[in-house]
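Below is one structure; the comments refer to it alone.
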Amino acid sequence: QLMTGGLWYALLPWGKVRHAVIVTDMRLFYVRHRRPFLPLACLGTGLRIDMFRHDHDVIYGSMERTKLSFINRIIHQNILFEQFLPGQVHMQTKFGALQINRYHGDAVDVYKLLMKLSRNTSDFIK
């Protein structure tokens with residue numbers, strides 16, 4: 001793996017952070033893992049886990065999409081052939097509000113996922 005660019009991946013400081021979002025019926029988890037920068041091993045590894053409780057009861061959701069800058073549009077759409085529009089997704093439950101920023105990827109995907117967590121209004125009125 002070192003012969004196919006793994007050495008650069010291990011030595012360079014960017015590309016060290018990995019993100020994951022896990023959605024369950026009751027909670028939303030955000031996991032952030034930072035690998036160490038090898039020449040400066042004293043920087044260490046970082047792990048952060050955030051949790052937001054929603055109890056499958058989202059009462060409000062909105063989305064704002066932003067356009068890519070000229071340079072990002074050339075790189076992502078013309079060179080890498082990626083089609084997406086980043087943005088912000090907001091959701092509100094009885095436990096509070098949450099804003100999710102999607103910088104690399106389509107904000108519509110996140111919005112559709114979170115709106116599946118909304119309560120069924122016909123059951124709510126009964």
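Only heavy atoms go into these numbers, but all of them, side chains included; no hydrogens, no water, no symmetry mates.
Between Q83 and Q77 there is a side-chain heavy-atom pair separated by less than 4.5 Å. L114 is listed as a side-chain neighbour of L28, based on a closest heavy-atom distance under 4.5 Å.
Under the 4.5 angstrom side-chain criterion for Ile, Leu, Val, Met, Phe, Trp and Tyr, the cluster partners of L47 are I22, F29, V31, I49, M51.
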**Message:** For a side-chain contact (heavy atoms from CB on, under 4.5 Å) check, start with the C-alpha distance between M63 and V108, then their side-chain angles and the critical distance, and finish with the verdict.
**Reply:** CA-CA 8 Å; M63 175 184 64; V108 173; 3.9 Å; yes
**Message:** Go through it in stages, so that I can follow the logic: the residues are H33 and R48, the test is side-chain contact (heavy atoms from CB on, under 4.5 Å), and I'd like the CA-CA distance, side-chain angles, deciding distance and then a yes or no.
**Reply:** CA-CA 7 Å; H33 177 255; R48 177 179 176 160; over 6 Å; no
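Of the inter-residue distances, the one linking I74 atom CD1 with S69 atom OG reads 9.0 Å to the nearest 0.5 angstrom. Note that the NZ atom of K94 and the CD1 atom of I59 stand 9.5 Å from one another [nearest 0.5 Å]. Once rounded to the nearest 0.5 Å, the distance linking CZ of R102 with OG1 of T66 reads 12.0 Å. Rounding to the nearest 0.5 angstrom, the gap separating the NZ atom in K116 from the OH atom in Y111 is 13.0 Å.
Clustering ILVMFWY residues whenever any of their side-chain heavy atoms sit less than 4.5 angstrom apart, transitively, puts F70 in the very cluster that holds L80. Linking Ile, Leu, Val, Met, Phe, Trp and Tyr whenever their side-chain heavy atoms come within less than 4.5 Å leaves L68 and V110 in two separate clusters. Residues L117 and M26 do not share a hydrophobic cluster, clusters being chains of Ile/Leu/Val/Met/Phe/Trp/Tyr side chains in contact below 4.5 Å.
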Exercise answer: donor-acceptor pairs, residues 84-93 side-chain atoms, under 3.5 Å, sequence neighbours excluded:
from	atom 1	to	atom 2	distance (Å)
Q88	NE2	N101	OD1	3.4
H90	ND1	S62	OG	3.1
T93	OG1	F95	N	3.1
T93	OG1	G96	O	3.4

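Ion pair D55/R27 not flagged as a salt bridge, since none of the NZ, NE, NH1 or NH2 atoms sits closer than 4.0 Å to an Asp/Glu carboxylate oxygen.
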